Amino acid sequence: MKKLKQDKQKEIIDTALQLFLEKGYEKTSIKDITEKMNIATGLFHYYFDSKEDVLMKCAVLNSEMITEELKLETFFEGKGNAVEKINLLMSQVLHNVAERNKIIKDTTKINETLLLDRIMYITLDIIIKKLIEFIEEGNQEQIFDCTYPQQTAEIFVYGLERLFRKDKERKKCKDMPLNEYFLQNQQQFAEMFSNLVRMKGNYQFQFDEK
């Protein structure tokens with residue numbers, strides 16, 4: 001029963017996203033979605049509260065797929081120390097997000113800010129949780145001397161996102177996605193993160209994809 005519910009939810013999400021891309025988010029109604037699927041409006045509301053709720057679920061589904069594709073629970077096993085795992089996290093997750101977002105970025109009809117913002121914030125939470133884990137691991141390995149792992153991870157990730165938004169407002173990176181902005185400035189961000197975690201010894205963050 002749970003599987004059938006999940007399948008129907010995904011079918012509605014897929015149909016809605018297709019219509020958002022074809023007609024635009026604002027011009028797509030719930031009636032458009034139900035008529036395309038040949039289902040009753042009541043069935044739509046059984047799964048979703050509103051059109052925006054569908055959009056939010058699109059973002060959640062995208063982030064769940066990112067987590068599943070990267071196999072985040074096992075992906076980092078045997079991948080070295082905390083520094084090496086953080087390097088992998090910052091490159092792999094951001095690149096995966098960029099690939100997944102291409103279909104959204106390439107269209108002008110969908111209100112991409114709504115969807116991409118939601119995908120980005122959910123994804124940033126994924127990164128923060130893993131960063132906390134790896135900072136704590138680095139403390140245990142005596143690579144870092146970081147007293148507040150959670151606050152450090154949040155300051156770094158949301159600080160990065162804030163810098164990105166400010167530079168977009170200044171037209172310094174108007175059409176640049178977050179991952180490209182991050183990689184263009186990765187040396188600066190690596191140095192910032194080293195200071196935040198109070199790096200010990202001859203370790204180095206290298207966030208770009210190898």
Side-chain angles (χ1 to χ4, degrees), residues 1-75 89 91-130 157-158 160-162 164-169 171 173-183 209:
M1 186 69 177
K2 185 178 179 181
K3 178 72 163 57
L4 288 173
K5 183 176 180 180
Q6 289 174 337
D7 288 347
K8 182 56 70 175
Q9 280 183 316
K10 188 176 184 307
E11 187 181 348
I12 294 172
I13 287 170
D14 289 344
T15 304
L17 185 56
Q18 181 185 345
L19 287 170
F20 295 162
L21 294 170
E22 289 173 359
K23 300 179 64 173
Y25 175 76
E26 299 297 338
K27 292 182 179 179
T28 299
S29 66
I30 291 173
K31 184 179 179 182
D32 291 329
I33 298 168
T34 57
E35 285 184 351
K36 188 170 182 66
M37 294 183 66
N38 195 27
I39 61 172
T41 305
L43 184 61
F44 174 92
H45 286 292
Y46 175 76
Y47 293 105
F48 301 100
D49 294 331
S50 63
K51 188 175 66 169
E52 187 173 358
D53 187 28
V54 177
L55 195 65
M56 175 60 88
K57 293 296 194 306
C58 285
V60 172
L61 184 63
N62 268 272
S63 295
E64 286 176 350
M65 291 173 75
I66 290 165
T67 304
E68 183 179 338
E69 286 171 6
L70 285 174
K71 297 180 170 49
L72 286 183
E73 295 306 314
T74 59
F75 180 79
L89 174 70
S91 62
Q92 294 295 322
V93 172
L94 287 172
H95 279 279
N96 190 287
V97 172
E99 288 300 311
R100 180 159 297 287
N101 288 351
K102 274 183 180 176
I103 188 173
I104 300 166
K105 187 179 69 176
D106 289 344
T107 179
T108 57
K109 288 185 178 178
I110 193 172
N111 186 336
E112 65 178 56
T113 300
L114 278 172
L115 184 54
L116 292 179
D117 277 359
R118 283 160 173 75
I119 292 173
M120 182 171 70
Y121 278 111
I122 294 169
T123 304
L124 292 182
D125 281 340
I126 293 171
I127 294 174
I128 286 170
K129 286 175 184 175
K130 296 307 289 185
V157 172
Y158 286 123
L160 162 66
E161 189 272 338
R162 177 64 176 163
F164 173 62
R165 286 196 178 276
K166 293 298 287 185
D167 278 349
K168 283 186 83 73
E169 289 171 9
K171 311 297 183 185
C173 54
K174 183 180 177 183
D175 298 318
M176 188 184 297
L178 177 61
N179 68 300
E180 288 180 21
Y181 173 80
F182 178 78
L183 294 179
E209 189 179 40

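These numbers were taken from a predicted model, which means no experiment stands behind them.
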Across all chains, not counting sequence neighbours, the side chain to side chain donor-acceptor pair (under 3.5 Å) partners of Glu11 are Lys8
Rounded to the nearest 0.5 Å, the CG atom of Asp167 sits from the CZ atom of Arg162 at a distance of 11.0 Å
Is Phe48 close to Ile30 at the side-chain level, that is, under 4.5 Å between some pair of heavy atoms?
no
All heavy atoms of Leu19 vs all of Thr28, minimum pair found to be O-OG1, 3.3 Å
Looking at Asp53 and Lys57, does any basic side-chain N land under 4.0 Å from a carboxylate oxygen? yes
> Below 4.0 angstrom, N of the basic side chain to O of the carboxylate: do Arg165 and Glu161 qualify?
Replying inline: yes
- Message: Between the side chains of Lys36 and Asp32, is the shortest nitrogen-to-carboxylate-oxygen separation below 4.0 Å, so that they form an ion pair?
- Response: no
In this structure, CZ of Phe44 is separated from OG1 of Thr15 (nearest 0.5 Å) by 10.5 Å
Distance col, row Ile33:CD1 vs Thr41:OG1, nearest 0.5 angstrom, shows 10.0 Å
With sequence neighbours left out, the residues meeting ring-ring contact (aromatic ring centres under 6.0 Å, His included) with Tyr47 are none
- Should Leu43 and Thr34 count as side-chain neighbours, where that means a heavy-atom distance under 4.5 Å? no
Rounded to the nearest 0.5 angstrom, the NZ-CG distance for Lys130 and Leu89 is 8.0 Å
